[in-house]
Amino acid sequence: MLQACAKVGATGYLTSRSVSGWARARWRRRWRGARDGKRSPTPEPSSEGRSAAAPRRRTARIMLNMKLKERLALAISAFLVLFTLMLVVDIQMDYGISGHRVPLHGRVRIGDDLDKGRSAYIEFRKRFLQKSNGSNGSREFEQSAPSETSGAEAEPRTPAAPLDHYEDLLRIVNAQLQGREEDNPVVVPPHHDLNVLRPENPTIGEMEDLEPSVNASNLEKFQLRIAQHELYEDEQKEGGTQLKLIIDYQNGVQALFKPMRFARDVQTLPNHFYFSDYERHNAEIAAFHLDRILGFRRAMPVIGRVLNMTTEIYDVTEGDILRTFFVSPANNFCFHGKCSYYCDTGHAICGNPDMLEGSFAAFLPSSDLAGRKVWRHPWRRSYHKRRKAQWELQSDYCDTVRTTPPYDSGRRLLDLMDMSIFDFLTGNMDRHHYETFKMFGNDTFTLHLDQGRAFGKAFHDELSILAPLLQCCVVRHTTLTTLLKFNNGTPLSKVLRESMRADPVSPILWEPHLAAVDRRVGLILDAIRKCVDKSESPLQNEVNDFV
């Protein structure tokens, strides 16, 4: 605004109206000059004005440039994200946008191998298990659950087929024991089997030059006796993603507690994927006993116990987990903890009313004493609803594995065969990684950890778990001998039942699960027989524990 009056030189004063008219006339002349291409000269700003205006103009230009760069960067980022999303959707859903069809996972095979895209376990199913149900490499057992036939007259069953004693496999085993090796590259002979010809087997205590302390707990003694080739000696007697508790005892001992969620006869829901199944505390207990009976000794000891949630958990628990305890509408004491899956009120762990059953697993040595290396399992599943893993698409996948360290020498490949057999017997599909002790290098056993998703389907045999054995077609002499012993002699289920009988929360397994173990022993021997029948190059690509 102009002042009410403006001073002009010393001649007097002009009214505000006169000043306003003068200003309008001045700006009109400047506008006409600009229109005719003759800009009216603008008055030069003072030195103070220039010094103050210059930084402001530079700042404005910089801000403008920054905004343009940010907008350009955001536009490019948005384009890349959309382009990547389109490619991912195209590959997974096979919409054809990319112009050609690509396998969901793995390499594209060119040339003569195009007809070998079937997995080995699919071939095994088609050639041997013609009665398989579905196309996912699985077999449904034809017998119904006991609850389905109770209260009604049972239909007459067809007589069971006579027991197959696998005389052909017995001949191979006996010939190897007598030093007469048959032309057969499938079964590793005894003099190449570390379970027969025991190598040097130092313990953690010997490697670290440690002795148990005077008042050492049983766990401390156990940890120091862990050896290069096994968790514990043969003559020793038995002692994640979901909610687990670390139990600290007053003497410094720790244990991993997995609480009970289901009754023994509750199976995996039919529409649940293997990676969305619940964990079962009794599966951990049963798997430990089975691992010991088979002679592997690679699973940590696990035992069942009943806890008082009020005095043994709630009263001694610290941290945010206390906020997850509540009393259910049935007046049972519950909590859900904090974890990646199933840790909410709808999936709470509840006592009866505050007594809770669970499994206690002994802790492995600390990383300071014996660090462990985590390995990605070569036969890891995709953990995806539609995508398949490479081993499911490539029939000669084992050829790639056998030429890759550490599977190209030593015991590691044979350990994975044992793990495949162990997981098939328990029905565990959740084997994505495994661990070894670093101090022993690559020439050491693989730990059998985390069996919580085992023993979920008593009437379903998942043949894809045997993919490592079916694709590589190699097995230890001692492993085959053990399986034949349980097939032809005392059933594995009976030995397992007797072993678990002493557990405080016995019975551990539902009877149909024990029957499934015996049934799966026969399926494993059938698979080994198929490998022997199709072997063509005897002892040419021999795999053993020492070379």
Side-chain angles (χ1 to χ4, degrees), residues 118-141 164 166 169 185-188 274 287 290-291 294 296 298 377-382 388-402 407 412-432 434 446 448 451 453-476 478-480 482-484 486-487 492 513 516-535 543:
R118 295 180 303 170
S119 171
Y121 75 87
I122 294 291
E123 179 183 355
F124 174 70
R125 188 192 72 244
K126 289 185 176 180
R127 294 176 57 187
F128 172 69
L129 298 175
Q130 288 85 1
K131 294 183 180 180
S132 296
N133 184 12
S135 59
N136 60 345
S138 62
R139 182 189 183 188
E140 294 291 346
F141 187 49
D164 188 345
Y166 298 93
L169 298 182
V186 176
V187 184
V188 174
Y274 55 90
L290 181 63
D291 172 85
L294 293 173
F296 297 148
R298 301 167 201 167
H377 199 297
W379 280 270
R380 180 185 187 273
R381 298 179 185 274
S382 66
K388 290 185 178 295
Q390 186 175 350
W391 59 266
E392 296 178 278
L393 300 171
Q394 187 176 344
S395 61
D396 58 350
Y397 178 75
C398 185
D399 294 342
T400 303
V401 176
R402 292 175 70 157
Y407 310 104
R412 186 64 58 83
L413 184 63
L414 291 171
D415 280 351
L416 291 191
M417 301 302 108
D418 287 346
M419 186 181 291
S420 168
I421 291 172
F422 175 66
D423 287 339
F424 179 70
L425 289 173
T426 64
N428 183 16
M429 301 174 65
D430 188 30
R431 187 70 69 186
H432 43 83
Y434 65 89
T446 57
H448 291 174
Q451 278 71 239
R453 287 188 170 130
F455 295 106
K457 296 182 177 181
F459 306 101
H460 174 89
D461 302 322
E462 186 57 46
L463 296 175
S464 64
I465 303 175
L466 283 179
L469 176 64
L470 292 168
Q471 291 182 340
C472 295
C473 276
V474 62
V475 66
R476 281 192 174 102
T478 48
T479 302
L480 176 57
T482 301
L483 294 172
L484 288 170
F486 288 123
N487 181 78
L492 179 57
H513 284 301
V517 169
D518 291 335
R519 185 175 69 246
R520 291 164 186 166
V521 168
L523 292 176
I524 297 170
L525 292 173
D526 287 329
I528 297 174
R529 172 183 280 168
K530 279 295 176 184
C531 286
V532 171
D533 292 343
K534 72 178 183 181
S535 60
V543 177

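Note that the numbering runs from 1 along the sequence shown for the chain.
- Remark: the backbone N or O of Pro378 is paired with a side-chain donor or acceptor of Tyr397 at under 3.5 angstrom.
- For Phe422, the ring pair (Phe, Tyr, Trp, His ring centres under 6.0 Å) partners two or more places apart in sequence, or in a different chain, are His448.
- Note that the CG atom of Leu425 and the CZ atom of Phe486 stand 10.0 Å from one another [nearest 0.5 Å].
- Rounding to the nearest 0.5 angstrom, the gap separating the OG1 atom in Thr482 from the CG atom in Asp418 is 9.0 Å.
- In this structure the side chain of Val474 reaches within 4.5 angstrom of the side chain of Leu414, judged on heavy atoms.
- At distances below 3.5 Å, not a single donor-acceptor pair connects side-chain atoms of Ser420 with backbone N or O atoms of Leu416.
- Under a 3.5 Å cut-off, the side chain of Asp518 and the backbone N or O of Leu492 do form a donor-acceptor pair.
- The distance from the NZ atom of Lys457 to the NE2 atom of His513 is 11.5 Å, given to the nearest 0.5 Å.
- Between Arg412 and Tyr407, the closest side-chain pair of non-hydrogen atoms falls below 4.5 Å.
- Here Thr479 contributes atom OG1 and Ile524 contributes atom CD1; the two are 10.0 Å apart, rounded to the nearest 0.5 Å.
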| request: Kindly indicate, with the supporting measurements, whether the criterion side-chain contact (heavy atoms from CB on, under 4.5 Å) is fulfilled by Arg529 and Asp164. | output: CA-CA 12 Å; Arg529 172 183 280 168; Asp164 188 345; 2.8 Å; yes

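- In terms of modelled atom types and a separation under 3.5 Å, the side chain of Gln394 and the main chain of Thr400 share no donor-acceptor contact.
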| request: Show your reasoning for whether side-chain contact (heavy atoms from CB on, under 4.5 Å) applies to Phe296 and Thr446. | output: CA-CA 10 Å; Phe296 297 148; Thr446 57; over 6 Å; no

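- When the salt bridge (charged side-chain N to carboxylate O under 4.0 Å, His left out) test is applied to Arg431, the partners found at least two apart in sequence or on another chain are Asp423.
- Closest heavy-atom contact between Gln451 and Ala287: CG-CB, 3.4 Å.
- Interatomic distance, Leu480 CG to Ile528 CD1, rounded to the nearest 0.5 Å: 5.0 Å.
- Note that the CG atom of Leu470 and the CZ atom of Phe424 stand 9.0 Å from one another [nearest 0.5 Å].
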| request: Given salt bridge (Lys or Arg N to Asp or Glu O under 4.0 Å), test Asp526 with Arg520 step by step and report yes or no. | output: CA-CA 10 Å; Asp526 287 329; Arg520 291 164 186 166; over 6 Å; no

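- Minimum interatomic distance between Cys472 and Leu413 (heavy atoms only, all atoms of both residues): SG-CD1, 4.2 Å.
- Side-chain N or O atoms of Tyr166 include one that pairs as donor or acceptor with a backbone N or O of Gly522 at under 3.5 Å.
- Cys473 has its SG atom within less than 2.5 Å of the SG atom of Cys531.
- For the pair Leu169 and Leu525, the tightest heavy-atom approach, listed with the atom from each and the gap, is CD1-O, 3.8 Å.
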| said: Run the side-chain contact (heavy atoms from CB on, under 4.5 Å) test on His432 and His377 for me, step by step, so that the C-alpha distance in whole Å, both residues' side-chain angles and the decisive distance to 0.1 Å come before the verdict. | reply: CA-CA 5 Å; His432 43 83; His377 199 297; 5.8 Å; no

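- Side-chain atoms of Trp379 and Glu392, non-hydrogen and from C-beta on, never get closer than 4.5 Å to each other.
- Looking only at distances, a side-chain donor or acceptor of Asp291 sits under 3.5 Å from a matching main-chain atom of Arg298.
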| request: Determine, step by step, whether Met419 and Asp415 satisfy the side-chain contact (heavy atoms from CB on, under 4.5 Å) criterion, reporting the C-alpha distance in whole Å, the side-chain angles of both residues, the deciding distance to 0.1 Å, and the verdict. | output: CA-CA 6 Å; Met419 186 181 291; Asp415 280 351; over 6 Å; no

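- Inter-residue side-chain proximity for Met417 and Pro468 is flagged as met; some heavy-atom pair is nearer than 4.5 Å.
- Side-chain atoms of Asp461 do not come within 3.5 Å of backbone N or O of Leu463 as any donor-acceptor pair.
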